[in-house]
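Any value given below was found using the heavy atoms of this structure, including those in side chains, with hydrogens, waters and symmetry copies removed. Keep in mind the model is a prediction, meaning the values are calculated, not measured. Reminder, nothing fancy here: chain letters follow the sequence lines and each chain counts from 1.
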Amino acid sequence: MNIEDRIAQIVEASVSELSGREIKPGQVVLQRTRKDFEGDLTLVVFPFVGLMRRSPEDTAGYFGDILVEKLEEVESFNVVKGFLNLSLTKGFWLNFLKNYSGDEAFGLIKPGKQPQVKARGPVVVEYSSPNTNKPLHLGHIRNNLLGYSVACILEGAGREVVKVNLVNDRGIHICKSMLAWMCFGNGETPGSSGKKGDKLVGEYYVLFERELRVQARELMESKGLSEEEARNQAPLMQEARELLLRWESGDREVVDIWKQMNGWVYDGFDATYRRLGVDFDKIYYESDTYLLGKETVLEGLKNDGLYKKEDGSVWADLQDDKLDDKLLLRADGTSVYMTQDIGTAQLRYDDYQPGRMVYVVGNEQNHHFNVLKKVLQKLDKPYADAIYHLSYGMVELPAGKMKSREGTVVDADDLMDEMEETARRMTEELGKTQDFNDIEKKELYQIIGLGALKYFILKVDPKKNMLFNPEESIDFNGNTGPFIQYTHARICSVLRTAGEERLVNAHGFPADIQLQEKEKQLIKTIYDFPGVVKEAAEEMSPARIANYTYEVAREFNQFYHDHSILNEPDQFVSDFRLCLSELTARTIRNGMGLLGIRVPERM
RNA sequence: GGUUCCGUAGCUCAGCUGGAUAGAGCAACAGCCUUCUAAGCUGUGGGUCCCAGGUUCGAAUCCUGGCGGAAUCACCA
């Protein structure tokens, strides 16, 4: 049991002993002592003064005496108003460091280590979920980074995780790209034009929209139709719908083209995913799941919650939830978005029996997931309550939301190019890579450029909208990925200079060294890492890890500035600092790993 | 209009289940490399935590009501 729990236990016991009343678990709150006060852990005693019938000061003093007496790790205490500040012995901190300095996986729980967690089944995390008609942009980047990181964090907290992608590969939007390509493509392929597959298909989607707009305008002028009517009646739109029907009926020619063009897109996506450093354990395709959705809905008609209208359409009755009824199948029997999600949820459950199904999807779909959950409850699905929508905010530009029609989307590949280029420029200006070979340089610029981008996005609370200004490049100084990476590289440099043998021997430093202020601060911060991982997993918040890791790096730099590690004359102190540096580097590496950010050993 | 989310320094963001004097970075200014990587460190200035009530020992945090912004309320995905 850790020291916080032991303190809490003793406090609980003595409160109930004295007052004759049990206190609820979790009512004893221990927090880190603020830096401007003396002590390591602080117990706020206000909640107990009523029960104890003493002044806050007396209550705090009373607990202080008991804790010093019962726990050898608690060295002393001081009381400020109702705050009991406990100081732990330096032996406690030094032993913590000794215990973990050899632990590569510090802060992380190995999968399956907690049996009760395993019993709940794996967590399925869905993220990315692209449409196959346009390339990935900055919004997708946030989605991918969040999803990947949340999966890593859950894994780090001991959960079994399955990462899945749901590709929306069917529907009218795909037909638009196909039609444009059939009409104007002249057989262009990624091979013939050298274009990336997803970009090429995206261009035809844009082309379709442009041509459609021309046709619609003509109709608006010649027949005086509204824009909506005109778009609907335009020949291109009618052809696209016809194409969809042919696809649904399995028309050989259409399906072949569909397969071919989707194949190009997948090649393009794969390249972008690889570069971003994200991956999946399983990929679902909506073309495979929408039929199961239909079945599930028809099956559900036996339940009370669903009903069929006279025209044959099927609806979910959501009156009880004060929501409008939701259409699940059109009169012609075709499915809608909701139907597909019902199908994929079912399939996912059949595949993994997950304890939780996390959907990393933008907050624009809050309502959709609300309804999905309700509908699955109506269908009496056991997994309805396992559904969790990890809803994240939009990435906005200074001018507002990104709009593909107005060409204001920030392309994922372009952005990564820019980041790497900035990394190259800055690194060369600083003259850091003169002895790197070309391959090493390229890899380093990738690590730094992507690190900057990923950290920039992940440090923001997922549920908040965030701003990206393309005019100002993402920072490399201050609270940034490269700052943290740099701190890691700095430590590695020291460890390299020390050498393997020296490092191993250093672990034997004695546990009675005099601790300097910055050293203690750093140890205390590192001590928090496992708890931060746990909380980040509960909240599914990479931002928590990002901000914590930054704090570690900042504190190391202060320590590093004030104290010499290898040039310290006292051998034992030097050994201790070496171990402290080593554990700091590992904490940074593991923390950044949870964000999907690599850290270089030199930069 | 209904529902949900957001509102903290000039800008971008932290602030954990209510706790002590609200923190970082950027930008500005002033310092620190003969010493383990200066992508670093130190200092200065910068706040009506949107507003008003309420809950209590104690509120940026919880509740209610406003104001401002975003999303959504499709037989689109």
Say whether, by atom type as modelled, one donor and one acceptor occur between the side chain of [X] and the main chain of [Y] under 3.5 angstrom.
X         : Y         : answer
Ser574(A) : Asp570(A) : no
His389(A) : Val361(A) : yes
Ser335(A) : Gln340(A) : no

Between Phe483(A) and Tyr486(A), ring centroids under 6.0 Å:
no
Closest nucleotide among [options] to the [X] side chain:
X         : options                : result
Lys81(A)  : U21(B), G19(B), A38(B) : U21(B)
Tyr550(A) : U37(B), G25(B), A20(B) : G25(B)
Arg34(A)  : U21(B), A77(B), A74(B) : U21(B)

Run the side chain to side chain donor-acceptor pair (under 3.5 Å) test on Asp325(A) and Tyr307(A) for me, step by step, so that the C-alpha distance in whole Å, both residues' side-chain angles and the decisive distance to 0.1 Å come before the verdict.
CA-CA 10 Å; Asp325(A) 287 5; Tyr307(A) 65 92; 2.7 Å; yes
Polar side chain donor-acceptor pair, Thr480(A) to Asp475(A), under 3.5 angstrom
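Per modelled atom types, Thr480(A) and Asp475(A) side chains form no pair under 3.5 Å.
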Atom-pair distance ([atom1] on [X]; [atom2] on [N]), nearest Å:
X         : N      : atom1 : atom2 : answer
Phe559(A) : C36(B) : CZ    : P     : 15 Å
Arg424(A) : A39(B) : CZ    : P     : 18 Å
Tyr290(A) : A77(B) : OH    : P     : 12 Å
Asn232(A) : C75(B) : CG    : P     : 15 Å
Leu430(A) : A38(B) : CG    : C1'   : 9 Å

A20(B) pyrimidine/purine six-ring stacking with Phe83(A), under 5.5 Å and 30°
yes
Donor-acceptor pair under 3.5 Å: do we get one between Lys432(A)'s side chain and the base of U37(B)?
yes
Closest heavy-atom pair, Asp575(A) versus Arg502(A), reported as atoms and distance to 0.1 Å, is OD1-NH2, 3.0 Å
Those residues of residues 560-579 of chain A lying under 4.0 Å from RNA chain B by at least one heavy atom:
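Under 4.0 Å from RNA chain B: Tyr560(A), His561(A), His563(A), Ser564(A), Ile565(A), Leu566(A), Asn567(A).
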Sugar-phosphate atoms are those with a prime plus P, OP1 and OP2; base atoms are the rest. Using that split, label each nucleotide of nucleotides 5-16 of chain B B, S or - for protein heavy atoms under 4.0 Å, 5' to 3'.
SSS----SSS-B
So do the side chains of Gln485(A) and Val599(A) get within less than 4.5 Å of each other, counting heavy atoms only?
yes
Contact class for Phe483(A) vs. all strands (heavy atom < 4.0 Å): base, sugar-phosphate, or nothing?
sugar-phosphate
Name the nucleic acid region contacted by Thr427(A), choosing base, sugar-phosphate or nothing; use a 4.0 angstrom heavy-atom cut-off, strictly under.
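Counting heavy atoms under 4.0 Å across all strands, the contact made by Thr427(A) includes a base.
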State whether Tyr290(A) and Arg170(A) meet the cation-pi test: NZ (Lys) or CZ (Arg) under 6.0 Å from the six-membered ring centroid, and within 45° of the perpendicular axis.
yes
More 5' along RNA chain B: Thr480(A) or Met394(A), using each one's nearest nucleotide?
Thr480(A)
Reading RNA chain B from 5' onward, which residue's closest nucleotide shows up sooner: Met426(A) or Thr42(A)?
Thr42(A)
Output yes when at least one side-chain N/O atom of [X] is less than 4.0 Å from OP1 or OP2 of [N], else no.
X         : N      : result
Tyr337(A) : A77(B) : no
Arg490(A) : A38(B) : yes
Gln365(A) : A77(B) : no

Thr549(A)/Tyr455(A) under side chain to side chain donor-acceptor pair (under 3.5 Å): CA gap, chis, key distance, verdict:
CA-CA 10 Å; Thr549(A) 309; Tyr455(A) 186 86; over 6 Å; no
